[in-house]
Amino acid sequence: PQKLLAPYILLARVARQLRRGNYDLAINLRPDFWWGAALLYLARIPRRVGYALEPGNQFLTHKVPFQAPEHATISNLRLVSAGLHILGYPSLEEPYRPEQYPLQFVPKPEEHKWVAERLNKEGIEAETPLVVIHPGSGAAVKLWRTEGWSACANALPGLLTSLAHARIILTGSQGERAMLEEIADGMASPPLLVTDATIGQLAALLSRACLVLGVDSGPLHLAVAEDTPTVQIFGPTDARIFGPWGVRQKHIVLASTQRCLTCPTIPCGRLDFAPQELPAHPCVRVVPEQSVLAAIEKLALYLMQMHR
């Protein structure tokens, strides 16, 4: 019984904490997150903005019609605009586009310094082009094949003359180091492994790169925020909703089209697969290396045309 009640005890505790802030308005950003809407209600915040979806609908004072599917950033901006209007401020100008409302993360000078010192320690000069591969993700079903990353890293020097002398950097958490080492073992040239960077240091490193490769993950959004071109592999998540929020031509999404046998659709939206279920859900893993390399070539061609 105590375990069943734990989420509700937590809900009440957090509501009491929020109540002390005497907030005038709160926004529940998640369309399907009834817990968040209930939290705002229990916190007694007088103006509560969210999407008109059950069961959270009943806890809101201002309900915005939900338009699906649309990018999550557009959905969030729509709610923020409604909140501004409620408080008497001008609404945000539409249409909501990355060019008008860019995703930004500004690393601190000391974080840029950390990157410069780290690269210098490895003998990587300032003018050396960098390609970052961030293969990890919060959900195992999103992961690509380690041998695929190795093969793409090995093909990069011969793929584009601009990458002939590029250094490959593999990034991830300490818990992902074994995966990075497995990728490195399959590479012809030893990469630099970075598993000790803070979010700010990682952002500074991504801003230094000329290309970032990875799957659907937070660090790939961080690369977009640094305006670094990306190639991203998607499977169970819908790129129309969770894809890169940046200039479309600079960020290529490879969305798997192979539906897993027990999934109703592709993308299915499910991420909570148990380890024993993963072999039956290979949607991301079946994306071929040739598709990734073709995307890199296409992206490089666009960037060359832009710099002429």
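Just so you know, residue 1 is the first one in the sequence shown, and it goes up from there. The basis for the numbers below is simple: all heavy atoms, side chains too, and nothing from hydrogens, waters or symmetry mates.
Heavy atoms only, all atoms of each residue included: Val286 and Ser256 are closest at CG2-OG, 4.1 Å. Pairing each heavy atom of Pro236 with each of Leu271, the nearest pair is CG-CD2, 3.7 Å.
Atom CG of Asn120 and atom CD of Glu117 lie 8.0 Å apart (nearest 0.5 Å). Rounding to the nearest 0.5 Å places CD1 of Ile183 at 8.0 Å from CH2 of Trp149. The line from CG of Leu205 to CD1 of Ile169 is 4.5 Å long, rounded to the nearest 0.5 Å.
In this view, Ser207 satisfies the side-chain hydrogen bond (donor to acceptor under 3.5 Å, both in side chains) rule with no residue, not counting sequence neighbours. Contacts of Thr73 classified as side-chain hydrogen bond (donor to acceptor under 3.5 Å, both in side chains), with partners at least two apart in sequence or in another chain: His71. Residues satisfying the side-chain hydrogen bond (donor to acceptor under 3.5 Å, both in side chains) criterion with Asp272, sequence neighbours excluded, are Arg270. With sequence neighbours excluded, the residues forming a side chain to side chain contact (heavy atoms under 4.5 Å, CB included) with Glu182 are Thr146, listed by chain and number. For His281, the ring pair (Phe, Tyr, Trp, His ring centres under 6.0 Å) criterion is met by Phe273, not counting sequence neighbours. Residues passing the side-chain hydrogen bond (donor to acceptor under 3.5 Å, both in side chains) test with Asp238, sequence neighbours excluded: Arg240.
For residues 26-42, the pairs satisfying salt bridge (charged side-chain N to carboxylate O under 4.0 Å, His left out) are Arg30-Asp32, with sequence neighbours left out. Counting only residues at least two apart or on different chains, no ring pair (Phe, Tyr, Trp, His ring centres under 6.0 Å) pair has a member in residues 161-217. Residue pairs meeting the salt bridge (charged side-chain N to carboxylate O under 4.0 Å, His left out) criterion with at least one member in residues 54-74, sequence neighbours excluded, are Glu70-Arg78. The salt bridge (charged side-chain N to carboxylate O under 4.0 Å, His left out) analysis of residues 246-263, with sequence neighbours excluded, yields the pairs Asp227-Lys250. Residue pairs meeting the salt bridge (charged side-chain N to carboxylate O under 4.0 Å, His left out) criterion with at least one partner in residues 189-209, sequence neighbours excluded, are Arg118-Asp196.
A donor-acceptor pair under 3.5 Å links the side-chain atoms of Ser81 to the main chain of Leu92, judged by distance alone. Remark: the backbone N or O of Gly50 is not paired with any side-chain donor or acceptor of Asn28 at under 3.5 angstrom.
Between Asp216 and Val284 there is no side-chain heavy-atom pair separated by less than 4.5 Å. Counting only heavy atoms from C-beta outward, the side chains of Leu103 and Pro98 never approach each other to under 4.5 Å. For the pair Ile296 and Leu299, the minimum side-chain heavy-atom distance is 4.5 Å or more. Within the 4.5 Å cutoff, no side-chain heavy atoms of Ile252 are placed close to those of Pro229. Residues Gln232 and Val224 are in side-chain contact: their nearest non-hydrogen atoms beyond the backbone lie under 4.5 Å apart.
Under a 4.5 Å side-chain heavy-atom criterion applied to ILVMFWY residues, the cluster that includes Leu40 comprises Tyr8, Leu10, Leu11, Val14, Leu18, Tyr23, Phe33, Trp34, Trp35, Leu39, Tyr41, Leu42, Ile45, Phe59 as well.
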